[in-house]
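All remarks here apply to the structure that follows.
Just the heavy atoms: all of them, side chains too, but no hydrogens, waters or symmetry mates, feed the values below. In what follows, chains are A, B, ... by sequence order, proteins preceding strands, each numbered from 1. In this text the structure is predicted, and so the values were computed from the model without any measurement.
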Amino acid sequence: MRFSHLLIPTLRDDPGEAETVSHRLMLRAGMIRKVAAGIYTFLPVGLRIIRKIEQIVREEMNRAGAQEVLMPIASPAELWRETGRWEYYGKELLRFKDRHERDFCLGPTHEEVITDLFRREVRSYRQLPINFYQIQTKFRDEIRPRFGLMRGREFIMKDAYSFDRTESAARISYQKMYDAYTRIFTRCGLTFRAVEADTGLIGGTSSHEFMVLADTGEETIVYTDEGGYSANVERAELLPEADPGDGQDQEALQAVPTPGMSTVEQVTSFLKIPPQRLVKTLLYRAGQETVAVLVRGDHEVNPIKVARLLGAVEAALAPPETVTALTGAPVGFAGPVGLKGVRIIADHAVRHVRNMVVGANKADTHYLNANLDRDFPPPQFADLRNAKAGDPSPRGDGSLKVAKGIEVGHVFMLGTKYSQAMNAHFLDPQGQEQLAVMGCYGIGVSRTAAAAIEQNHDAKGIIWPVPIAPFHVQLMPLSQSATVLHLAEQLHDSLSAAGVEVLWDDRDERAGVKFNDADLLGVPYHLLIGDKSLAQGLVEWKSRRTGQTVKIPPDQVLAHAQRHLQS
RNA sequence: CGGGGCGUAGCGCAGCCCGGUAGCGCACUGCGUUCGGGACGCAGGGGUCGGAGGUUCAAAUCCUCUCGCCCCGACCA
């Protein structure tokens, strides 16, 4: 492909709107252009990358036995009302009316539409298991779209939905998708990790997220070196630890003034104690109930765990008025001692804190040396906090480490949530109606492209992994001399004929311009043809990643290319 | 939704405080010279200064309203 036949509007300057590496580089390399907040046009080079990823996804989905369909982007409100999500989904669901005033939305995901298809068309257990997938544009009206393709409002997603006879059969479908995802991200040339994820309200038994590891990732994961355990921090289970048994004596409870000191940092540095000795008391609103949650000063409450313990949909910090009403003190001075009229729950780690510092439920006052049993009744203990580096693994295989990741895939056991809401049945061998057991599986295709850049770039630009690179080789004639141009054309033709994807920079630009654009674009191999080396009958093959250059005769280029592209 | 910032040529920006009819670099067009890591010269094209209203003899500049975009945050006591 000739460079001059594609619109590749590279930019010399960083666009002011982009902060993130992938966003900046995709704009500069002329791969995407913004149309509105979180909404982008893919230009030819950007689209080629998307197509590459899609192709890998498609091959692996097909191999795993899923069948491709294409559902509409617009879907009618009735389907969403059946599952309650028309109300539940909130503002992220972009709604509109057609000319007859009928309610529609742009699909943010397609459980409703696919379940509707299933219940209309699939009758018998003989047709199961069945798994449908599509690669399609999704729309989610995010609160704050950001980072270019990383969190767009419109994005390209592969979504798949499996239907099985039983829970155990569904687990097999789930495992097939899990394995397919592992192959997909491996084939894309990405460094990633599958982590246990929260199943949230949807319930079900399993959920895994596939995280591309990158320091710029929005998600935090914990893992052990041996790979025995890895999970999203939100999800990571923490077992109760044994009492370190330092045998400290309980000292007398004592109120101390802590004027204006409402944060852990302020109180601990004022009292000159380590944060582990402070126990903070946070009031959470979960459903109809308000609870006081105790965690150690160096720990963070995990609201998802709080909600799960209480059987609520979600838990959020109570507003300041509630805090004042219940504790009689402004925010920052709540504590378990003498706290009335509210249930208290505590993280396991609190059990072993002796002589703790806690709020005194009085403005500008904390207690020193508060102790369980003696000063306040023992609360219910549970795992209520986020994991942090150094915590013991729940599998007992060492301690947890922390890393940042970008969520590019998510597999999910749904159970019968949707089949029940929408009456999606099949007939079992006994002729009885049974609810289909479902799973759903998503891959952010456009986000995968962005994640690949976050993981593979240097100061000069992108460095694509070969399998998802827009081209394999960028061919650069460095002068306009007839021999150089002639050889460039010959090499372009012979490589292309052999299936090597060549971007031939046929522009009449200076060498420096071509080099810089090539580095920006990130095509993995550069083939340089210049008068200098050609004088010795050689051309240069250069690796974008390592910068390593070898000089080879033109008739060996094809073999050389094939050798590099295979690995 | 709260806070901050920004809309002036395709991109990056100056001009705005202190009103006087728009400028710089890159990109783009033509010609010439150049040609292995973002060349140079000469000559050009391109902007109703996000939009609407107001003040004024005069508005990119002052005032009001509006639209769009970016960043941070959305409450860890």
field: Phosphate-side-chain proximity, A/Arg510 and B/A39, N/O vs OP1/OP2 below 4.0 Å
entry: yes

Using a cutoff of under 3.5 Å, can you pull out all pairs of nitrogen or oxygen atoms linking the protein to nucleotides 42-46 of chain B, with atom names and distances?
none

message: Does A/Asp531 contact B/G36 through a side-chain donor or acceptor facing the base, at a distance under 3.5 Å?
response: no

- request: Going 5' to 3' through nucleotides 22-31 of chain B, assign each nucleotide B (protein heavy atom under 4.0 Å from a base atom), S (under 4.0 Å only from sugar-phosphate atoms) or - (no protein heavy atom that close).
  value: ---BSS----

message: Taking any heavy-atom pair under 4.0 Å as a contact, classify A/Lys91: base, sugar-phosphate, or nothing.
response: nothing

- prompt: Got a sec, which residues hit side chain to side chain contact (heavy atoms under 4.5 Å, CB included) with A/Ala346, two or more places apart in sequence or on another chain?
  reply: A/Leu294, A/Val350, A/Pro379, A/Phe381

message: Under the salt bridge (charged side-chain N to carboxylate O under 4.0 Å, His left out) definition, can you give me all pairs with a residue in residues 254-281 of chain A, not counting sequence neighbours?
response: none

message: I'd like to check the side chain to side chain contact (heavy atoms under 4.5 Å, CB included) partners of A/Lys34; sequence neighbours left out, ordered by chain and number.
response: A/Glu17, A/Tyr40

task: Mind checking A/Arg28 for me? I need base, sugar-phosphate or nothing, with any heavy atom below 4.0 Å counting as a touch.
output: base

Those residues of residues 470-492 of chain A lying under 4.0 Å from RNA chain B by at least one heavy atom: A/Leu478

query: For A/Glu154, which residues count as a side chain to side chain contact (heavy atoms under 4.5 Å, CB included) partner, sequence neighbours excluded?
result: A/Ile39, A/Thr137, A/Phe139

- prompt: How far does the P atom of B/C11 sit from the matching atom of B/C69, given to the nearest Å?
  reply: 15 Å

task: Using a heavy-atom cut-off of under 4.0 Å over every strand shown, decide if A/Asp14 touches base, sugar-phosphate, or nothing.
output: sugar-phosphate

field: Residues in side chain to side chain donor-acceptor pair (under 3.5 Å) contact with A/Gln380, at least two apart in sequence or another chain
entry: A/Arg343

message: Just to be sure I understand the geometry, which residues of residues 258-273 of chain A put a non-hydrogen atom under 4.0 Å away from RNA chain B?
response: A/Ser262, A/Thr263, A/Val264

statement: So the salt bridge (charged side-chain N to carboxylate O under 4.0 Å, His left out) pairs with at least one residue in residues 535-551 of chain A (sequence neighbours excluded) are A/Asp458-A/Arg544, A/Asp519-A/Arg544

query: Between the side-chain atoms of A/Lys542 and the base atoms of B/G37, is any donor-acceptor pair under 3.5 Å?
result: yes

A/Ala325: partners by side chain to side chain contact (heavy atoms under 4.5 Å, CB included), with sequence neighbours left out: none

query: Along nucleotides 68-75 of chain B, 5' to 3', which nucleotides get a B, which get an S, and which get a -, given that the test is a protein heavy-atom distance under 4.0 Å?
result: -SSSB-BB

